[in-house]
Amino acid sequence: MSDMFLEKFRSLVPLYLEDDWQNEDGLTASELAEATASLAVPVPLVLREFYMALGGCEDLMEAYHYFFDPDELEVEDGYLLFLEDEEEKYVWGFRTDQLDVPDPIVYRRQNARGTWKSEEGTFSEYVLDMFTWVFEELSPELNN
């Protein structure tokens, strides 16, 4: 079960950045393996393929929210954290008991309260929706 999401994530570069996807936009499998070697839990397939497609593309990795670099992934409260907002009010992650699912459900923690809530969508759904919102809905507001 490989490359389920890779091409979909790669297609975000030409879609939103109006440029062809280049090898430098992603990480190699060996770079990713090295960066996550000390992580005590497995990285879900969808997140591995996200990094392989976009892990080197700062314009997408830091678009509105900040995706953790693979060597910054960490486990807190029973969740593998992968994303935070710029004000550090929220962090997003996967429940560690769901990491063997190819495309697990995303949860969000409100840091002030320490409470977790399901985003009611998988990583691929959440990320694709987030980029649509950032580039198609938020961008015109930023330009005004």
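What you see below is based on every heavy atom in this structure, not just the backbone, and it leaves out hydrogens, waters and symmetry mates.
Proximity of a side-chain donor or acceptor of Glu62 to a complementary backbone N or O of Asp59 within less than 3.5 Å is not detected. Within the 3.5 Å criterion, the main-chain N or O of His65 finds no donor-acceptor partner in the side chain of Asp85. Although no hydrogens or angles enter the test, the distance criterion places a donor-acceptor pair under 3.5 Å between the side chain of Trp21 and the main chain of Ala53. Looking only at distances, a side-chain donor or acceptor of Asp103 sits under 3.5 Å from a matching main-chain atom of Ser124. The main-chain N or O of Thr122 is found under 3.5 Å from a side-chain atom of Glu125 such that the two form a donor-acceptor pair.
Every residue two or more places apart in sequence or in another chain was checked for a ring-ring contact (aromatic ring centres under 6.0 Å, His included) with Phe131, and none qualifies.
Two residues are said to be in side-chain contact when any heavy atoms from C-beta on lie closer than 4.5 Å; Thr115 and Gln110 meet this criterion. A 4.5 Å side-chain heavy-atom check between Leu60 and Val13 finds at least one atom pair inside the cut-off. Counting only heavy atoms from C-beta outward, the side chains of Ile105 and Gln98 approach each other to under 4.5 Å. Thr28 is not listed as a side-chain neighbour of Met52, based on a closest heavy-atom distance of 4.5 Å or more.
Taken to the nearest 0.5 Å, the CG atom of Leu80 stands 6.5 Å off from the CG atom of Leu47. Going from atom CD of Glu119 over to atom CG of Asp129 covers 10.5 Å, rounded to the nearest 0.5 Å. The distance from the CZ atom of Arg108 to the CD atom of Glu120 is 10.5 Å, given to the nearest 0.5 Å. Atom OH of residue Tyr51 and atom CZ of residue Phe68 lie 8.0 Å apart, to the nearest 0.5 angstrom. Atom-to-atom distance recorded for Thr96:OG1 and Glu76:CD is 12.5 Å, nearest 0.5 angstrom. With rounding to the nearest 0.5 angstrom, the OG1 atom of Thr36 is 11.5 Å from the CD atom of Glu31.
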Worked verdict on Val75 versus Leu81 for side chain to side chain contact (heavy atoms under 4.5 Å, CB included): CA-CA 6 Å; Val75 175; Leu81 310 181; over 6 Å; no

Using the side chain to side chain contact (heavy atoms under 4.5 Å, CB included) rule, take Cys57 and Leu17 through it: C-alpha gap first, then chi angles, then the decisive distance, then the call. CA-CA 10 Å; Cys57 184; Leu17 304 181; 3.5 Å; yes

Which is it for Val46 and Glu49 under the side chain to side chain contact (heavy atoms under 4.5 Å, CB included) test, yes or no, and what are the steps along the way? CA-CA 5 Å; Val46 70; Glu49 291 190 7; over 6 Å; no

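In the hydrophobic clustering of ILVMFWY residues, with side-chain heavy atoms under 4.5 Å counting as a link, Met61 and Leu128 come out together. Clustering ILVMFWY residues whenever any of their side-chain heavy atoms sit less than 4.5 angstrom apart, transitively, puts Phe9 in the very cluster that holds Trp133. Tyr90 and Tyr66 are assigned to two separate hydrophobic clusters, defined by single-linkage of ILVMFWY side chains at heavy-atom distances under 4.5 Å.
In terms of heavy atoms, Phe5 sits closest to Leu45 at CE1-CD2, 4.2 Å. In this structure, Gly93 and Trp116 approach most closely via the heavy-atom pair N-CZ3, 3.9 Å. Of all heavy-atom pairs spanning Pro42 and Leu99, the tightest one is O-CD1, 3.4 Å.
With 3.5 Å as the limit, one finds a donor-acceptor pair spanning the side chains of Tyr16 and Thr132.
The aromatic rings of Trp92 and Tyr126 are tilted relative to each other, their planes meeting at an angle between 30° and 60°. A parallel orientation is assigned to the rings of Phe67 and Phe82, their planes being inclined by less than 30° (bins at 30° and 60°).
Between Phe94 and Phe123, the distance from one ring center to the other falls under 6.0 angstrom.
Checked for salt-bridge contact, Arg109 and Asp77 meet the test: a charged N lies under 4.0 Å from a carboxylate O.
Judged by a 6.0 Å distance limit and a 45° cone about the ring axis, Arg95 is not positioned over the six-membered ring of Tyr79.
Annotation: Glu34, atom CD; neighbour count of heavy atoms from other residues, nucleotides and ligands within 6.0 Å does not exceed 12.
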